[in-house]
Amino acid sequence: MGLGNGLQNKQVVILGGSSGIGLAVAELAATQGAKVVIVSSNAERIQKAVECIRSEAQGQAVDVSDERAVASFFATLGSFDHLVFTAGDSLHLHDLATTDLQQARRAFELRYWAALAAVKYGSPHIRKEGSIVLTTGIASQRPQKGWVMAASVCGTIEALTRALAVELAPIRVNAVSPGVVRTNLWQTMSASERERLYESVGNSLPVGRVGEAPEIAQAYLFLMQEGFATGQTVVVDGGTVLV
Ligand SMILES: NC(=O)c1ccc[n+]([C@@H]2O[C@H](COP(=O)([O-])OP(=O)(O)OC[C@H]3O[C@@H](n4cnc5c(N)ncnc54)[C@H](OP(=O)(O)O)[C@@H]3O)[C@@H](O)[C@H]2O)c1
């Protein structure tokens with residue numbers, strides 16, 4: 001057995017690949033010879049992302065919160081090697097006292113239920129020695145006040161990762177847990193609020209700054225290529241859990 005499987009000519013499907021961490025994974029995988037397929041809900045953003053990647057890349061618009069659309073996407077796609085799930089929408093951040101519990105359920109729609117649908121319909125098409133990499137976040141281990149829903153979703157994804165690693169073996173299933181990363185996830189804030197967040201979080205961390213998407217992408221590439229980790233969550237958080 002060689003060390004790692006490499007990504008040359010492997011097909012990597014990235015749900016949530018039109019921006020942020022997913023796009024960085026697509027760009028890095030493509031530089032290593034992978035054929036990438038990026039999916040997001042917006043055709044225009046996908047087109048722009050495919051142009052950014054500048055090597056063999058395809059894109060498709062699918063709303064991954066629509067189970068039937070996910071099933072039909074994978075049925076048409078056929079076999080591939082690695083599934084990466086980075087789709088995410090804006091965070092539900094409220095104190096519990098003011099949380100509308102019906103609305104709060106939506107926090108699970110994309111990050112949990114859509115991820116589960118992607119794995120359910122995608123995993124039967126994963127080739128031998130392929131893998132799945134999901135996305136969680138450091139809020140599970142270091143929640144802030146107001147982060148009850150976001151932290152709950154992250155903890156759920158970590159448990160799901162371990163359960164899927166057993167359920168789907170020998171397909172390896174892992175997750176990446178980023179700290180705060182400069183991406184469009186924070187675009188609902190004004191530019192000045194966002195910069196203040198990056199600065200205050202960055203200053204509180206051992207590394208002295210928030211993360212950049214290409215740094216987080218390296219963890220996904222590691223998990224796809226090495227052949228022995230499964231059921232694990234790799235933390236790339238600038239030291240958030242230490243402070
Ligand atoms: N950035 C951070 O600080 C941070 C920290 C911890 C964890 N994370 C997690 O990392 C993941 C990626 O986030 P990011 O920071 O890279 O955010 P991002 O730049 O906003 O990327 C989110 C991606 O999800 C796609 N998406 C959203 N709704 C979708 C839908 N219904 N169907 C298909 N695709 C959809 C978006 O594309 P369209 O809008 O075109 O659909 C986009 O490609 C998320 O789960 C996030 O919670 C991020």
Side-chain angles (χ1 to χ4, degrees), residues 13-28 36-50 52-53 57 59-70 72-74 83-93 106-118 122 133-144 147 149-158 160-161 175-189 194 197-198 200-202 205 209-217 219-220 233-238 240-241:
V13 179
I14 303 154
L15 305 187
S18 70
S19 111
I21 296 169
L23 178 55
V25 172
E27 287 175 316
L28 194 56
V36 300
V37 180
I38 59 173
V39 170
S40 90
S41 66
N42 182 293
E44 211 174 301
R45 278 196 284 274
I46 290 176
Q47 188 49 41
K48 279 196 186 134
V50 165
C52 260
I53 294 170
Q60 193 168 326
V62 180
D63 176 354
V64 300
S65 61
D66 176 345
E67 181 181 347
R68 278 196 291 188
V70 171
S72 141
F73 166 73
F74 282 112
L83 173 62
V84 173
F85 190 94
T86 57
D89 48 6
S90 52
L91 296 162
H92 292 244
L93 304 178
R106 291 198 207 139
F108 280 83
E109 283 302 327
L110 191 56
R111 287 183 177 75
Y112 177 76
W113 289 109
L116 195 63
V133 189
L134 303 177
T135 305
T136 175
I138 205 62
S140 63
Q141 291 182 54
R142 277 290 176 276
Q144 306 282 318
W147 280 67
M149 292 315 302
S152 303
V153 176
C154 291
T156 305
I157 294 298
E158 290 168 30
L160 175 68
T161 299
V176 174
S177 179
V180 173
V181 185
R182 209 180 269 273
T183 69
N184 287 344
L185 187 76
W186 304 103
Q187 71 187 350
T188 49
M189 291 177 160
R194 205 162 51 225
L197 170 86
Y198 293 153
S200 73
V201 172
L205 296 178
R209 61 176 177 81
V210 297
E212 302 292 338
E215 297 172 310
I216 314 301
Y220 291 77
T233 295
V234 170
V235 173
V236 192
D237 70 341
T240 310
V241 291

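As the structure lists them, so they are numbered: ligands from 1, and atoms in each ligand from 1.
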Examine the side chains of Ser140 and Glu158 and answer whether a donor and an acceptor come within less than 3.5 Å of each other.
->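 There is such a pair between these side chains.
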
Please check if any side-chain donor atom of Tyr220 sits under 3.5 Å from a side-chain acceptor atom of Thr135, or the reverse.
->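 There is such a pair (donor and acceptor under 3.5 Å, judged by atom type) between the side chains of Tyr220 and Thr135.
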
Mark the output for [X] as yes if a heavy-atom distance to ligand 1 is under 4.0 Å, and as no if none is.
{"X": "Thr136", "value": "yes"}
{"X": "Gly179", "value": "yes"}
{"X": "Leu15", "value": "no"}

Going by the order shown, which atoms of ligand 1 are within less than 4.0 Å of some heavy atom of [X]?
{"X": "Val180", "value": "3 (O)"}
{"X": "Arg45", "value": "38 (P), 39 (O), 40 (O)"}
{"X": "Val62", "value": "32 (N), 33 (C)"}

How does Arg111 reach ligand 1, if at all, at less than 4.0 Å between non-hydrogen atoms: by side chain, backbone, both, or neither?
->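 It is the side chain that gets close, since no backbone atom is under 4.0 Å.
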
For Phe74 against Ala118, the heavy-atom pair lying closest together |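 So the minimum-distance heavy-atom pair works out to CE1-O, 3.6 Å.
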
Heavy atoms only: give me the nearest Ile38-Ile46 pair and the separation to one decimal.
->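 So the minimum-distance heavy-atom pair works out to CD1-O, 4.1 Å.
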
Is there at least one pair of N or O atoms, one from [X] and one from ligand 1, spaced under 3.5 Å apart?
{"X": "Asp89", "result": "no"}
{"X": "Leu110", "result": "no"}
{"X": "Gly137", "result": "no"}

Give the residue, atom name and distance (to 0.1 Å) of the protein heavy atom nearest [atom].
{"atom": "atom 13 (O) of ligand 1", "answer": "Thr86 O, 4.0 Å"}
{"atom": "atom 20 (O) of ligand 1", "answer": "Leu185 N, 3.4 Å"}
{"atom": "atom 9 (C) of ligand 1", "answer": "Thr135 CG2, 3.7 Å"}

